[in-house]
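From a predicted model like this one, the values you see are computed outputs, not experimental measurements.
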Amino acid sequence: MTEDIRKAVIQAIADNFLLPVYGQVVPQGGRKPCFTVELKGLEQKRLLGRRMARKVSFEVNYFCSETKAAASEGLEVADELYEILLIIGEDEKFAASGMKHEKTADGVKFTVEYEYHIIFTEDEAELMQRLKYNGKEAVGYEEESNIQQGTAE
C-alpha cells in the first residue's frame with residue numbers, strides 16, 4: 001500500500017508540472033528544474049482486533065533551475081503542491097492528513113503525510129489431533145464442541 005501511495009504522489013506531480021520526478025535523489029547529470037520524492041517515515045499502531053493504522057510521510061523536494069529565482073518560484077510550486085497532493089490516486093483515493101513546506105537554498109522542501117487502515121487476515125490454524133495415551137484417546141472436545149467425560153474406549 002505504501003508503494004501505491006508513493007506512485008500516486010509521483011504521478012500527481014508529473015501530471016501537473018510536466019517536469020522530471022525522481023524516486024529518490026537527483027541522479028548525477030539530472031535535469032533541473034525537477035522534483036524528488038522520498039519516503040521519510042512509516043508509523044504503525046495497533047487498533048482493535050486485527051486492525052492497524054499506518055501513517056506514511058513523504059518528502060518532496062523541488063529544485064529550481066536558477067538559485068536567484070528560488071524564493072518566488074519555490075513559493076508558487078509549494079502553493080500548487082498543497083492543492084495537487086491533497087487527494088491523490090486514481091482507483092483508490094488517499095487524502096493527506098498533514099502537509100507543510102519550508103524554503104531551501106535550491107527551492108522548496110514539502111512534507112506530506114497520508115494515513116490509512118489495514119486489516120490483517122488470520123491464517124487458518126490446523127486443528128489439534130486427539131491425544132492418545134496408552135492406546136486410549138484422552139479426554140477433550142469432540143468436533144461438535146461437546147465435552148467428553150472420561151476416556152474414550
Side-chain angles (χ1 to χ4, degrees), residues 1-131 138 140-147:
M1 184 71 72
T2 303
E3 184 63 20
D4 294 339
I5 296 173
R6 188 179 78 82
K7 287 178 182 177
V9 168
I10 291 172
Q11 189 64 45
I13 294 170
D15 290 346
N16 287 284
F17 286 100
L18 305 174
L19 292 172
V21 181
Y22 301 106
Q24 292 295 325
V25 295
V26 179
Q28 187 173 1
R31 192 170 62 105
K32 291 185 180 181
C34 67
F35 289 92
T36 61
V37 177
E38 294 182 59
L39 174 66
K40 279 302 180 187
L42 176 66
E43 294 178 30
Q44 175 174 302
K45 64 181 171 180
R46 189 175 181 124
L47 301 175
L48 291 175
R50 299 175 285 138
R51 295 180 298 168
M52 301 286 178
R54 284 190 180 168
K55 184 193 316 188
V56 61
S57 61
F58 294 96
E59 184 178 288
V60 178
N61 287 297
Y62 172 69
F63 298 99
C64 297
S65 55
E66 298 177 17
T67 54
K68 296 178 210 170
S72 63
E73 191 177 335
L75 183 59
E76 291 173 16
V77 168
D79 285 341
E80 289 184 49
L81 285 174
Y82 278 107
E83 292 177 24
I84 65 169
L85 295 180
L86 181 62
I87 298 176
I88 59 169
E90 293 180 11
D91 298 333
E92 194 169 355
K93 301 282 186 188
F94 299 97
S97 60
M99 292 189 272
K100 66 180 180 179
H101 81 278
E102 59 186 67
K103 189 177 87 165
T104 62
D106 296 342
V108 91
K109 180 170 78 170
F110 191 88
T111 306
V112 60
E113 295 176 343
Y114 296 95
E115 294 182 22
Y116 60 94
H117 291 214
I118 56 173
I119 298 176
F120 289 106
T121 58
E122 289 185 23
D123 294 334
E124 288 290 324
E126 187 176 324
L127 297 176
M128 263 180 31
Q129 302 297 318
R130 299 198 125 217
L131 176 66
Y141 291 94
E142 292 182 10
E143 291 180 4
E144 293 86 34
S145 297
N146 296 328
I147 299 176

Can you see which heavy atom on M52 is nearest to which on R46, and at what distance? SD-CA, 3.5 Å
Considering residues at least two apart in sequence or located in another chain, which fulfil the salt bridge (Lys or Arg N to Asp or Glu O under 4.0 Å) criterion with E83? none
So CG of L42 and OG of S57: to nearest 0.5 Å the spacing works out to 8.5 Å
Can you list everything that forms a salt bridge (Lys or Arg N to Asp or Glu O under 4.0 Å) with R50? Sequence neighbours excluded, please. E122
If I take atom NZ from residue K7 and atom CD1 from residue I88, how far apart are they, to the nearest 0.5 angstrom? 13.0 Å
Restricting to non-hydrogen atoms, name the atom on M99 and the atom on Y82 that form the minimum distance, rounded to 0.1 Å. CE-O, 3.6 Å
Quick one: OH on Y22 to OG1 on T36, what's the gap to the nearest 0.5 Å? 10.0 Å
Residues passing the side chain to side chain donor-acceptor pair (under 3.5 Å) test with E59, sequence neighbours excluded, are N61
Heavy atoms, side chains only, cut-off 4.5 Å: are I13 and L81 in contact? yes
Residues in ring pair (Phe, Tyr, Trp, His ring centres under 6.0 Å) contact with Y62, at least two apart in sequence or another chain: F35
Considering only heavy atoms from C-beta outward, does the side chain of V9 approach that of F94 to under 4.5 Å? no
In Å, rounded to the nearest 0.5 Å, how long is the span from NZ of K103 to CG of L75? 9.5 Å
Nearest heavy-atom contact between G74 and C64 is N-SG, 4.4 Å
Applying side-chain contact (heavy atoms from CB on, under 4.5 Å), can you list everything that pairs with A53, at least two apart in sequence or on another chain? K45, L47, H117
Which distance, rounded to the nearest 0.5 Å, do you find between the CZ of F58 and the CD1 of I10? 8.0 Å
Got a list of side-chain donor-acceptor pairs under 3.5 Å for residues 107-114, not counting sequence neighbours?
{"unit_1": "Y114", "atom_1": "OH", "unit_2": "L85", "atom_2": "O", "d": "2.7"}

Residue pairs involving residues 87-98 (criterion salt bridge (charged side-chain N to carboxylate O under 4.0 Å, His left out); sequence neighbours excluded): none
Among all residues two or more places apart in sequence or in another chain, which pass the side chain to side chain donor-acceptor pair (under 3.5 Å) test with D15? Q11
State which residues pass side chain to side chain donor-acceptor pair (under 3.5 Å) with R54; sequence neighbours excluded, sorted by chain then number. Q44
Heavy-atom closest contact (A12 atom, I84 atom, distance): O-CD1, 3.8 Å
